[in-house]
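These notes are about the structure you will find just below.
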Amino acid sequence: MKEKILTALTETVAELLNNPDDRIKLALTVPKDNSHGDFSTNAAMIIAKKIGKNPREAAMEIITSLNNKLDGIASCEIAGPGFINFKLSGDAGVQIFKQLFSKGKNIGFSNSGNGKKVNVEYVSANPTGPLSVGHGRNAAVGDVIASLYKAVGYDVTREYYFNDAGNQMTVLAKSVQTRYLQLFDSDVKLDENAYQGEYIIDIAQTIKDEYGDSLKETEELDVFKKYAVDAMFDMIKVSLKKMRVEHDVYFNERSLYTDGKIEETLKKIDELGLSYEKDGALWFKAEQFGAEKDRVLVKSSGEPTYRLPDFAYHINKFKRGFDLIVDIFGADHQAQYPDVIACMKAMGFDEKKIKVVIYQFVTIVENGEAVKMSTRKANYITLDELMDDVGVDATRYFFVMRRLGSHLEFDIEIARKHSLDNPVFYVQYAHARISSIFRHCAETKPDINIEDINAENVNPELLIQQEEQDLISHIAQFEDTISVAAKTCEPHRLTGYLEKIAELFHRYYNLHHVVVDDDETTKARLALVIMTQRVIKNGLEILGVTAPEKM
RNA sequence: GCGCCAGUAGCUCAGCUGGAUAGAGCAUCGGAUUUCUAAUCCGGGGGUCACAGGUUCGAGUCCUGUCUGGCGUACCA
């Protein structure tokens, strides 16, 4: 319907301008205020100046020449400064309702992605400690973005990239070693830079249980490292599973070395003339791509920096044939992507396929004060603790409900209340209430079987209440909302949308009964709430939040 | 210094490609339950959209400058 109006409008405007080639960006929107009709356009205001008339006169002309082109429109009105508001005829409304209802359980899902392959890389925490609240935002955002892509028909790969080698692992192994030695001699001091979490002591204890004191004299860190990495990964995977996050691929940075990809990448960069040696290190000519100075690829010690494997990793992603590569990371990693993009472009890959999603930090507020976070110092609140406090549903919902560009303030005190002002409950409650209506209907009207209701055997014309019309017109925007949320990688659009749907439903519920004396009206209203419930359920599913039948 | 992100009600935040009277929740004040779950609903009060210019029919939204905050600017990841 929307397309039809827009096409007719575009043609009309082109005629009036006497220049079909002059493509003008017209907006046809669903007005916030429903007294402004079902659709609204700004066309007249845009062309007014060009055709030398004031906007309201222009609107008049558009309507006149539009007149015969559209069916299904009950009226067009000129309003305000020159908007043209269209009101659909009742018949069109019925068609829309039937169309929406017949989508059944798939309402909201579409196939605009057309099976294109997208790789979403998220969490990607190195195994140096339990997942923090910061990782939690990453996990939730990445997971929901992946689900959004799936909902619009992409073939989605969820990926976790990690590094279990290098400097930080050595620090970790040393920390475990120190804790191990402390089990024999409490005078041993823990290095200031060491990881200080309790979990390090647990790992040391495990090693003591298996090896006794046989590792007391060894300089070799391998055993400590192996135990530490295994233990950390177990911990991380348990947390992610609890959070309902499951990756398809765990990609080990080290495999890029064993496969010779690092060498290959280095060679390619050299061939392109993008590297040079200086002070014993190998440098990447980042300045050439707008960076303020060049960056080190290989340290004078011979060890690569993170940058080189990052390049090799992205080449690998391109070679696996992804049409879209989505990287999700926090604001503290913002510096690393321009180099990757520049390098991929230089190597002839389509760098526009890389989409970098950067989210701002999570601030934990406790007793009105921000808690400083540091993995090393271990004075942070873990993701596990958070999930235990407020539940997985609320955790996931909270992490995605804000625009990614804004800081997320997580007030522990409020979260711990299992509070009633929690928006996730508001949405879930709407879902549960609808289930409750079904139960009530089954008891009071055994003749009506919910399962039997379909687009053909209900009469949508009986849905004449304003609240019903509001619900329908918002439901009609569900698919669009998902598709925009996916395209922009902005999950909060979906939470906002669901809250609006829940609000409209709750208002409707308070004003009107679904199950009423008249069976036909009851059936029409049931169809409406069935659809509403499907929308909420599918929306929550994308968010990874449960949709309870009872609360 | 330079770069990225932000500044909207007392607090936490929405505001889709510029559109009609800037919206929610919390907090506050006042109402609604013989009826499908009151985890709900209805209403009141509360705003110089950080500041100053600019672009245009029209700016919270776009441009420039200023101020404030977070992050980055490693031969750490």
Side-chain angles (χ1 to χ4, degrees), chain A residues 25 27 29 31-33 35-36 40-42 44-46 48-49 54-55 79-83 85 124-126 128 163 166-168 171 253 278-283 290-293 295-307 309-310 330-336 338 358-361 363 365 401-411 414 418-423 425-426 428-430 432-441 443-444 477 480-481 484-485 488 490 492-493 495-497 499-500 502-503 505-516 525 529 550-551:
Chain A
K25 223 173 56 181
T29 54
K32 279 177 277 185
D33 184 342
S35 73
H36 293 141
S40 178
T41 182
N42 59 358
M45 287 175 286
I46 289 180
K49 204 172 190 179
N54 76 46
F83 291 99
N85 297 332
S124 295
N126 289 333
T128 59
N163 171 17
N167 191 36
Q168 48 174 346
V171 174
E253 178 185 318
K278 193 182 96 185
D279 305 333
L282 191 73
W283 295 71
E292 61 181 311
K293 53 188 167 188
R295 313 286 182 190
V296 171
L297 279 177
V298 182
K299 300 184 232 172
S300 50
S301 66
E303 250 183 305
T305 62
Y306 66 85
R307 216 171 320 264
D310 265 3
D332 56 335
H333 287 234
Q334 64 185 246
Q336 65 182 255
I358 294 180
Y359 60 89
Q360 296 299 311
F361 270 20
T363 314
V365 177
M401 68 193 267
R402 301 290 183 227
R403 198 159 32 102
L404 298 176
S406 72
H407 293 261
L408 178 66
E409 187 159 309
F410 212 121
D411 191 321
I414 290 175
H418 282 258
S419 111
L420 307 181
D421 33 279
N422 191 332
F425 288 137
Y426 185 80
Q428 286 177 317
Y429 185 48
R433 261 184 158 175
I434 293 171
S435 289
S436 162
I437 293 173
F438 297 157
R439 288 189 293 269
H440 177 257
C441 178
E443 277 174 32
T444 54
Q477 293 171 56
D480 216 37
T481 301
V484 172
T488 57
E490 294 182 335
H492 78 281
R493 289 172 189 271
T495 57
Y497 173 81
E499 282 161 39
K500 184 70 188 176
E503 179 192 326
F505 168 74
H506 284 309
R507 180 185 304 153
Y508 177 49
Y509 182 94
N510 272 276
L511 290 174
H512 307 284
H513 274 244
V514 170
V515 180
V516 291
R525 290 182 176 183
V529 297
K550 268 186 189 175
M551 284 175 80

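Letters go in sequence order (proteins before strands), and every chain restarts at 1. Nothing here was measured: the structure is a model prediction, and the numbers come from that model.
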With a non-hydrogen cut-off below 4.0 angstrom, is [X] in contact with a base, only sugar-phosphate, or nothing?
| X | answer |
| --- | --- |
| A:Ala79 | base |
| A:Ala335 | sugar-phosphate |
| A:Asp480 | nothing |
| A:Thr29 | base |
| A:Gly496 | nothing |
| A:Thr363 | nothing |
| A:Lys550 | base |
| A:Phe438 | nothing |
| A:Ala432 | base |

Could you pull out the closest heavy-atom pair between [X] and [Y], with the gap in Å?
| X | Y | value |
| --- | --- | --- |
| A:Phe83 | A:Ser40 | CD2-OG, 3.9 Å |
| A:Met401 | A:Thr495 | CA-OG1, 3.6 Å |
| A:Ala44 | A:Gly82 | CB-O, 3.5 Å |
| A:Arg493 | A:Ala485 | CD-CA, 3.9 Å |

Under a 3.5 Å limit for both distances, which nucleotide forms a Watson-Crick or G-U wobble pair with [N], could you say?
| N | answer |
| --- | --- |
| B:A6 | B:U68 |
| B:G46 | none |
| B:U55 | none |
| B:G1 | B:U73 |
| B:U35 | none |
| B:C16 | none |

Provide, to the nearest angstrom, the distance between the [atom1] atom belonging to [X] and the [atom2] atom belonging to [N].
| X | N | atom1 | atom2 | answer |
| --- | --- | --- | --- | --- |
| A:Phe425 | B:A24 | CZ | C1' | 19 Å |
| A:Glu503 | B:A38 | CD | P | 17 Å |
| A:Phe361 | B:C4 | CZ | P | 18 Å |
| A:Gln336 | B:C75 | CD | C1' | 16 Å |
| A:Met551 | B:U40 | CE | P | 9 Å |
| A:Glu409 | B:U12 | CD | C1' | 7 Å |

If we require ring centres under 5.5 Å and near-parallel planes under 30°, does [X] stack on [N]?
| X | N | answer |
| --- | --- | --- |
| A:Phe83 | B:A20 | yes |
| A:His36 | B:A20 | yes |
| A:His506 | B:C41 | no |

Pick the [atom1] atom in [N] and in [M], then give their distance to the nearest Å.
| N | M | atom1 | result |
| --- | --- | --- | --- |
| B:G30 | B:G18 | P | 44 Å |
| B:U48 | B:U8 | P | 12 Å |
| B:G3 | B:C11 | C1' | 32 Å |
| B:G10 | B:G45 | C1' | 13 Å |
| B:G69 | B:G53 | C1' | 24 Å |
| B:G23 | B:U66 | C1' | 29 Å |
| B:U61 | B:G19 | P | 10 Å |
| B:A22 | B:U64 | C1' | 25 Å |

Give a yes/no on whether any side-chain N or O of [X] is located under 4.0 angstrom from OP1 or OP2 of [N].
| X | N | value |
| --- | --- | --- |
| A:Arg433 | B:U40 | no |
| A:Arg307 | B:A74 | no |
| A:Lys299 | B:C76 | yes |
| A:Arg403 | B:A6 | yes |
| A:Lys293 | B:C2 | no |
| A:Ser406 | B:A14 | yes |

(request) Would you check if the side chain of A:Gln334 reaches a backbone N or O of A:Ala331 as a donor-acceptor pair within less than 3.5 Å? (result) yes
Just compare [options] and give me whichever is closest to any side-chain atom of [X].
| X | options | result |
| --- | --- | --- |
| A:Trp283 | B:C75, B:U73, B:C41 | B:C75 |
| A:Asn126 | B:G70, B:C16, B:A77 | B:A77 |
| A:Tyr426 | B:U40, B:C36, B:C16 | B:U40 |
| A:Arg295 | B:C16, B:C5, B:U73 | B:U73 |
| A:His333 | B:A14, B:C36, B:A77 | B:A77 |

Side-chain donor or acceptor of [X] under 3.5 Å from a matching atom on the base of [N]?
| X | N | answer |
| --- | --- | --- |
| A:Gln334 | B:G3 | yes |
| A:Asp332 | B:G72 | no |
| A:Thr305 | B:A77 | no |
| A:Ser300 | B:C75 | yes |
| A:Asn85 | B:A20 | yes |
| A:Glu292 | B:G1 | yes |

(message) Which label fits A:Tyr508 and A:Phe505: parallel for a plane angle under 30°, tilted from 30 to 60°, or perpendicular past 60°?
(response) perpendicular
(request) Apply the test side chain to side chain contact (heavy atoms under 4.5 Å, CB included) to residues A:Arg433 and A:His506: give CA-CA distance (whole Å), side-chain angles for both, the deciding distance (0.1 Å), then the verdict. (result) CA-CA 9 Å; A:Arg433 261 184 158 175; A:His506 284 309; 3.0 Å; yes
(request) Specify the residue among A:Ile437 and A:Glu253 whose closest nucleotide of RNA chain B lies further upstream toward the 5′ end. (result) A:Ile437
(message) Can you work out whether A:Asp279 or A:Thr41 has the more 5'-proximal nearest nucleotide on RNA chain B?
(response) A:Thr41
(message) Let me confirm one number: the CG-CZ distance from A:Asp332 to A:Phe361, rounded to the nearest 0.5 Å.
(response) 3.5 Å
(request) Quickly, which of A:Leu297, A:Val296, A:Val298 forms a side-chain contact (heavy atoms from CB on, under 4.5 Å) with A:Trp283? Name it, please. (result) A:Val296
(message) Pair A:Val529, A:Phe438 - check side chain to side chain contact (heavy atoms under 4.5 Å, CB included), show working.
(response) CA-CA 9 Å; A:Val529 297; A:Phe438 297 157; 3.9 Å; yes
